[in-house]
Peer 1: 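Input: one structure, supplied below.
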Amino acid sequence: MKNYIKSLFTKAEEKLDYLKDIKIQLSVPQEVSHGDYSTNAAMLLTKKLKKNPREIAKEIIDNFDIDESIISKIEIAGPGFINFFFTVSYVNKIVKVINDKKNSFGKSAKYNGIKANVEFVSANPTGPLTVGHGRNAVLGDTVAKLLEEIGYDVDREYYFNNAGRQMRVLGNSVAARYRELLGEKIEFNDEYYQGEYIKDIAKKIYEQYGDKYKDNSEDDIFKDTAEKEIFKDIKQTLEAINIKFDNYFNENDLYEKGEIQRLLDFFEEKNLSYKKDGAVWLKLSELGQEVDKVIVKSTGEPTYRLPDIAYHKSKFDRNYDLIIDIFGSDHNATYPDVLAGISALGYDKEKVKVIIYQFVTILEKGQVVKMSTRKANYITLDELIDEVGKDVVRYFFIMRNSTSHMNFDLDVAKQQSDENPVFYLKYAHARIASILRMVKEQNLNASFDNLDLLNTETEQKLVKYLHKYPEEVMLAAKNYEPHKLANYLENLAALFHRFYTECRIIGSEKELAEARIALILAVKIVLKNGLNIFSIEAPEKM
RNA sequence: GCGCCCGUAGCUCAAUUGGAUAGAGCAACAGCCUUCUAAGCUGUAGGUUAGUGGUUCGAGUCCACUCGGGCGUACCA
């Protein structure tokens, strides 16, 4: 529908030069009486042409070459909107299109062959994933899926660091628990990781090696075993919500392959770094940032900035055209430094899109739960998945804009999981499946011969909404906003449920019944395609 | 103090990127199952979009200031 209107404008441009100066915006009015599509083109031209917008609208319409089998009416309304009305038979053609395309309806080839890298989760292996990581994980995976839907070739990547202070503390924590197991009285340092999982790891080491490491608290065995075990759990948790990564990128590689040193040399050579107080500083003030920052501490250890820049450089070197980072709002002050470093290296930082999501406030018994991995004060993602299930977890984290500071009341989630909107979507799908089973018993089959019979207001609304699906996918993908698609699906389900109560299939005339079957098949396909993007089951029964 | 994000119905959140009368779900109230799944549908009620000013044909959306909340503001990651 939209494309047809655009073609009208393109043709009209040959006669009306001024149309070339504006971008034609088409929107679907909220009010049905304002047509199927509406444009503000005439209003945008008032200044330039110094004419009344309604006069301009009239001139534009007079220059349209209209096919009456497609457009039933065009009118000028309000201050100068041009409203388009489509014919029933043209609108209903989509039902056949969807049934023909099935799974591929909504997919686009627009970005075929373009390589994208989506980096998300990226938690260091110091403890189990918490509910806080959930938003990151689901957002990243869904953004990746949306990009695939419009043609991108996407790699999902997890970046982690198994060196550094945090991991040493982790190793020491396990060693302490290990000695405790051997009967030693230990003082469990406040700085140590307090969680029960530390004891489990210590126990594993004890079961395998006995007291072999009794006097070797510094041995790598503690850190290495902890890392391995924790990573195993993290991967399991992610798999439980259908998330798999293509690449695991270890920060250590950057050191071992000399990338860090090379980068340091480069900055020095280009006179972009200098020494002060025994540390190496990057001249970020010359790269568009406020102040210079340290990249190598006086101890000789790099700060996170250096490896982060090197890491992003590696993404460019691996030929990604689109590089997406999913970060929590606590990172919002750090990435501009990295981007500045990247452009200093001569890369196009526009290819990097940083998606900052706001933290979810977790409430339990009316209290805010503050999360800390080290203090073992957290609710794990596993617990949440066990409690409410994979689909609810996934839907919950993408149903709202990532800019929203969501509240999540655990008690409500546990009690009212039946009232979660995700069930509403699933129910619509299951309901259609059920109708189709009944219809089969009555020997009725979908038919596309009499789609014009779908002419009630309820049916037309539903059909027109189906038209929008591919556009909604594109919009959600290009803006990295999965919640838009969630809203779309909820509206679609609502329109279907209404159709269900108002329009019967069994009991209607055969022609009408079979046209309606074609319609609900189309709705089922779109619901399923949408839920598939969210990795949520579309059940045949509930 | 400074930077980023947010403030919309009692609660949780939308709003086609500046469009026409700001919409859903919970919660409340009143209805709808001897016919395809009532995890559903219909209706009622609920709003000075935190506040004040500005920009224009037109502002929840853009700008300025004020108030309130979140996250940062390291030679931690």
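Within every chain, numbering begins at 1; the chains are lettered A, B, ... in the order of the sequence lines, protein sequences first and strands thereafter. Please read these numbers as outputs of a predicted model, since none were measured by experiment.
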Peer 1: Heavy atoms under 4.0 Å, any strand shown: does A:Asp277 hit a base, just sugar-phosphate, or nothing?
Peer 2: base
Peer 1: Calculate the interatomic distance between A:Glu251 atom CD and B:A77 atom P; express it in whole Å.
Peer 2: 9 Å
Peer 1: Any side-chain N or O of A:His497 below 4.0 angstrom from OP1/OP2 of B:A39?
Peer 2: no
Peer 1: Would you say a side-chain N or O of A:Lys297 is under 4.0 Å from OP1 or OP2 of B:C76?
Peer 2: yes
Peer 1: Taking any heavy-atom pair under 4.0 Å as a contact, classify A:Val28: base, sugar-phosphate, or nothing.
Peer 2: base
Peer 1: Could you check whether any side-chain N or O of A:Glu471 sits under 3.5 Å from a backbone N or O of A:Lys468, counting only pairs where one atom can act as donor and the other as acceptor?
Peer 2: no
Peer 1: Would you measure the distance from the P atom in B:U8 across to the matching atom in B:G70 and give it in whole Å?
Peer 2: 15 Å
Peer 1: Can a side-chain donor-acceptor contact be found between A:Asp325 and A:His312 if the only test is distance below 3.5 angstrom?
Peer 2: yes
Peer 1: Can you label the angle between the A:Tyr158 ring and the A:Phe160 ring as parallel, tilted or perpendicular, going by 30° and 60°?
Peer 2: perpendicular
Peer 1: Would A:His331 count as stacking on B:G72 if stacking means ring centres less than 5.5 angstrom apart and planes tilted under 30 degrees?
Peer 2: no
Peer 1: Parallel, tilted or perpendicular: which one describes the rings of A:Phe245 and A:Phe120, with boundaries at 30° and 60°?
Peer 2: tilted
Peer 1: Would you mind reading off the distance between A:Met399 atom CE and B:C26 atom P, rounded to a whole angstrom?
Peer 2: 11 Å
Peer 1: Check whether any side-chain N or O of A:Asn401 sits under 3.5 Å from a backbone N or O of A:Thr403 as a donor-acceptor pair, and report yes or no.
Peer 2: yes
Peer 1: Polar atoms only, N or O, under 3.5 Å: list the protein pairs with nucleotides 67-70 of chain B and their distances.
Peer 2:
from	atom 1	to	atom 2	distance (Å)
B:G69	N2	A:His405	NE2	3.4

Peer 1: Can you tell me the distance, in whole Å, between the CD atom of A:Glu540 and the P atom of B:C36?
Peer 2: 19 Å
Peer 1: Starting at the 5' end of RNA chain B, write a dot or bracket for each base, bracketing those in Watson-Crick or G-U wobble pairs whose two distances are under 3.5 Å and using | for partners on another strand.
Peer 2: (((((((..((((.....[...)))).(((((.......))))).....(((((..]....))))))))))))....
Peer 1: Checking understanding here: a glycosidic angle within 90° of 0 is syn, the rest anti, so what is B:U12?
Peer 2: anti
Peer 1: For B:C33, does the O4'-C1'-N9-C4 (purine) or O4'-C1'-N1-C2 (pyrimidine) torsion place it in syn, i.e. within 90° of 0, or in anti?
Peer 2: syn
Peer 1: Round to the nearest Å and state the distance from A:Glu290 atom CD to B:U73 atom P.
Peer 2: 15 Å
Peer 1: Report which part of the nucleic acid A:Arg400 touches: base, sugar-phosphate, or nothing (heavy-atom distance under 4.0 Å, all strands).
Peer 2: base
Peer 1: Would you say B:C57 has OP1 or OP2 under 4.0 Å from some side-chain N or O of A:Arg54?
Peer 2: no
Peer 1: Does the side chain of A:Tyr424 get closer than 4.0 angstrom to OP1 or OP2 of B:C41 through an N or O atom?
Peer 2: yes
Peer 1: Can you tell me if A:Lys440 touches the phosphate of B:C36, counting only side-chain N or O atoms and a distance under 4.0 Å to OP1 or OP2?
Peer 2: no
Peer 1: Ignoring hydrogens and geometry beyond distance, is a side-chain donor-acceptor pair present between A:Tyr465 and A:Asn491 at under 3.5 Å?
Peer 2: yes
Peer 1: Between A:Asn479 and A:Thr403, which residue's closest nucleotide on RNA chain B lies nearer the 5′ terminus?
Peer 2: A:Thr403
Peer 1: Taking side chain to side chain contact (heavy atoms under 4.5 Å, CB included) as the criterion, tell me which of A:Ile505, A:Leu466, A:Leu451 meets it with A:Leu519.
Peer 2: A:Leu466
Peer 1: Round to the nearest Å and state the distance from A:Ile295 atom CD1 to B:A77 atom P.
Peer 2: 13 Å
